[in-house]
There are 2 protein chains.
Amino acid sequence: MNPEHNLSRRERQIMDILHAQGQATAAAVLAALPAPPGYSAVRALLRILEEKGHARHRREGARYVYVPRTSPELARRSALQRVVSTFFQGSVAQAMAALLETADTQLSDTELTRLQQLIKKARKEGR
Amino acid sequence: MNPEHNLSRRERQIMDILHAQGQATAAAVLAALPAPPGYSAVRALLRILEEKGHARHRREGARYVYVPRTSPELARRSALQRVVSTFFQGSVAQAMAALLETADTQLSDTELTRLQQLIKKARKEGR
DNA sequence: ATTAAAGTGCTAATAAATTAGCACTTCGGA
DNA sequence: TCCGAAGTGCTAATTTATTAGCACTTTAAT
């Protein structure tokens, strides 16, 4: 089961921010939070996330900089995996098609070409 | 902000089940839950989710069958959007590449061909 | 070296989520 | 028709999450 499932609402919001930004101080997290709670609350939550093993911190001058404990690669992988299995019955192809559709105009020609290449490669390796 | 962010841990677990299965009774949700709580708990949560507008139910004989209130299309779209923006800096192309990589062998040749076509179409429309 | 600003470590209070339990309904078979 | 099994509607208890506040530390500028 996805570890994301064991986080409380705030904890998840905060982990999302850490993942999105790569790293952040308590003040930065506070700034990024929707309907921001008190500063104390954020600090406490960061401490808890660390205790639970979801994040770690290093000292930088007087303050702590928090970083997710799972690598970006792993985090990405498991986030995608969760969406695919929850919303697309496990079909990666369907998920890709949906992504393509929502992205539409936002994908540059270069990116599309690159994707073509990747798929071509996948086909070769597949057979 | 993503509504998924306002759900508690259990609430989110339950919504995931509803989305994955399309619909479910309290008993079915209970069966699908990891570290399942009591039956009462599940029923209460379903009631709360309904109050909050995330799900609705219809009666089926003696029991209630719950269904997510957002359409599968919308739910998929916003789940993907969240992952892309949180874990891929908003880059759909990167997300697609990651999907392709994790899927690898699991994609049939037919599916890959279909994706090629979709991308080709996107390229045409883009220019 | 002194000090104000910005940070952190705690502990304890408050609010929200989660659960239990019991009384009342619905359903289907004897 | 009557009964037991399976369900639901509540209310109230309990456990977790969230927050506030105060004492101590670090930093950087005077």
Grab the [atom1]-[atom2] distance between [X] and [N] for me, whole Å please.
| X | N | atom1 | atom2 | value |
| --- | --- | --- | --- | --- |
| Lys52(B) | dA16(C) | NZ | C1' | 9 Å |
| Leu30(B) | dT18(C) | CG | P | 15 Å |
| Arg12(A) | dA17(D) | CZ | C1' | 13 Å |
| Asn6(B) | dA16(C) | CG | P | 13 Å |
| Leu7(B) | dA17(D) | CG | P | 16 Å |
| Glu11(B) | dA17(D) | CD | P | 13 Å |
| Ile14(B) | dT18(C) | CD1 | P | 9 Å |
| Leu33(A) | dA17(D) | CG | C1' | 15 Å |

Report task. State whether Tyr39(B) places a side-chain N or O below 4.0 Å from either non-bridging phosphate oxygen (OP1 or OP2) of dG21(C). Result -> no
Query raised in the report: Counting only side-chain N and O atoms of Arg10(B), is one of them less than 4.0 Å from OP1 or OP2 of dT19(C)?
Result: yes
Heavy atoms, side chains only, cut-off 4.5 Å: are [X] and [Y] in contact?
| X | Y | value |
| --- | --- | --- |
| Thr113(A) | Arg123(B) | yes |
| Arg59(A) | Tyr64(A) | yes |
| Leu99(B) | Val84(A) | yes |
| Ile48(A) | Lys52(A) | yes |

Query raised in the report: Which heavy atom of Arg10(B) sits nearest a heavy atom of Ala35(B), and at what distance?
Result: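 Here Arg10(B) and Ala35(B) meet closest at NH2-O, 3.0 Å.
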Requested in this report: Give, ordered by number, those residues of residues 41-51 of chain A having at least one heavy-atom distance below 4.0 Å to an atom of DNA chain C; if nothing qualifies, reply none.
Outcome: Arg43(A), Arg47(A)
Query raised in the report: Which sits closer to the 5' end of DNA chain D, Gly61(A) or Gly38(A), going by the nucleotide each is nearest to?
Result: Gly38(A)
Requested in this report: Would you indicate whether Gln106(B), at its atom CD, is surrounded by more than 12 heavy atoms from other residues, nucleotides or ligands within a distance under 6.0 Å?
Outcome: yes
Requested in this report: Taking only the side-chain heavy atoms of Arg63(B) (C-beta and beyond), determine which of dT26(C), dG7(D), dG7(C) contains the nearest atom.
Outcome: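 Of dT26(C), dG7(D), dG7(C), dG7(D) is nearest to the side chain of Arg63(B).
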Query raised in the report: Going through the checks in order, is the side chain to side chain contact (heavy atoms under 4.5 Å, CB included) test met by Leu112(A) and Gln116(A)?
Result: CA-CA 6 Å; Leu112(A) 288 173; Gln116(A) 291 277 23; 5.6 Å; no
